[in-house]
Participant: 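What follows is a single structure, and I will ask about it in a moment.
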Amino acid sequence: MIKIKTLEEIELMRESALVVSRTLGMLAKEVKPGVTTLQLDKMAEEYIRSQDAIPGFLGLYDFPNTLCMSPNEQVVHGFPNKTPLVEGDIISIDCGAIKNGFYGDHAYTFAVGEIAPEIQQLLDVTKESLYKGIREFKAGNRVGDVGFAIQNYCESFGYGVVRELVGHGLGRVMHEDPEMPNYGKRGRGKKFKNGMVVAIEPMINMGTQKIKHHNDGWTITTEDNKMSAHFEHDVAIVDGKPQLLSTFDYVYEALGIKSNEEDEFRVK
Ligand code: MG
Ligand code: MG
């Protein structure tokens with residue numbers, strides 16, 4: 001059942017999302033060759049707690065850490081560990097926080113130092129596909145419209161769109177209805193209306209769409225071991241239109257990136 005949020009609840013959810021946005025911004029300055037994902041995880045946990053919030057993933061479905069850290073060929077749900085990041089890696093950092101009883105959940109894939117141009121393109125296309133999906137998340141459209149927009153764009157670059165893992169409704173529970181696949185057919189699936197809040201999160205592979213599940217019960221990698229990227233935003237429908245609750249502004253500020261990609265989805 002889809003839980004519709006009031007405008008007051010959406011404002012509380014914006015606070016939760018922004019805790020995660022600021023956490024990702026803090027981490028953006030720390031992602032560099034030599035740092036371990038476990039060190040980043042500790043920094044994130046401390047930062048989230050300093051914001052009167054609780055790490056959203058820690059203990060959820062028995063996940064042992066604050067961040068899902070998925071380097072290179074890992075798709076999502078990787079564990080932080082003691083292996084230092086090296087120049088040329090990419091690292092998907094997925095972070096959750098609970099504030100006011102609501103979850104924020106978003107993710108950014110960072111470059112570690114200089115990365116190859118074809119890997120940068122994977123990151124750029126995956127992030128652009130997220131905004132193409134968000135544009136379709138509006139009253140009257142359907143779940144398939146978002147998935148179609150993401151899939152169509154990413155496959156035009158020859159990339160694989162992961163099927164088994166999907167975005168989701170978000171609220172007092174981390175995974176609410178509806179499921180938000182990153183593939184689909186226009187005009188299919190549940191209809192969107194005002195007050196819906198979802199996490200849209202394309203997981204896009206440089207090669208095959210197929211993935212492997214590892215024996216630790218969490219880690220997921222691409223079947224061909226090619227790179228995989230992941231970007232995620234929390235979005236509400238207000239006045240019929242998509243409104244971003246999370247933002248990459250803090251990441252961009254930390255990295256010195258100028259971008260107007262979020263402008264059309266900001267509160268007017
Ligand atoms: Mg997430
Ligand atoms: Mg999510």
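Ligands are counted one by one from 1 in listed order, and the atoms in each one are counted from 1 as well.
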Participant: Mind checking whether Tyr252 and Tyr108 have parallel, tilted or perpendicular rings, split at 30° and 60°?
Facilitator: perpendicular
Participant: Please report the shortest heavy-atom distance between Ile98 and Gly56, naming the atom on each side.
Facilitator: CG1-CA, 3.9 Å
Participant: Is the distance from the Mg ion (ligand 2) to some N, O or S atom of His106 under 2.8 Å?
Facilitator: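 Checking His106: none of its N, O or S atoms is under 2.8 Å.
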Participant: Restricting to N, O or S, what is the name of the atom of Asp94 that lies nearest the Mg ion (ligand 1)?
Facilitator: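 Sorting the N, O and S atoms of Asp94 by distance to the Mg ion (ligand 1) puts OD1 first.
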Participant: Looking only at N, O or S atoms, which one in Glu201 sits nearest to the Mg ion (ligand 2)?
Facilitator: OE2
Participant: Can you find a side-chain donor-acceptor pair between His77 and Tyr61 that sits under 3.5 Å?
Facilitator: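 The criterion, which ignores hydrogens and geometry beyond distance, is not satisfied for Tyr61 and His77.
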Participant: Please determine if Arg22 forms a cation-pi arrangement with Tyr47, meaning its NZ or CZ atom is less than 6.0 Å from the six-membered ring centre and no more than 45° off the ring axis.
Facilitator: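 No cation-pi geometry.
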Participant: If only atom types and distance count, is the side chain of Thr222 paired as donor or acceptor with the main-chain N or O of Asn205 below 3.5 Å?
Facilitator: no
Participant: Backbone or side chain, does Glu232 get an N/O/S atom under 2.8 Å to the Mg ion (ligand 2)?
Facilitator: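 It does: Glu232 brings an N, O or S atom closer than 2.8 Å to the Mg ion (ligand 2).
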Participant: Could you tell me which N, O or S atom of Asp105 is nearest to the Mg ion (ligand 2)?
Facilitator: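 Among the N, O or S atoms of Asp105, the one closest to the Mg ion (ligand 2) is OD2.
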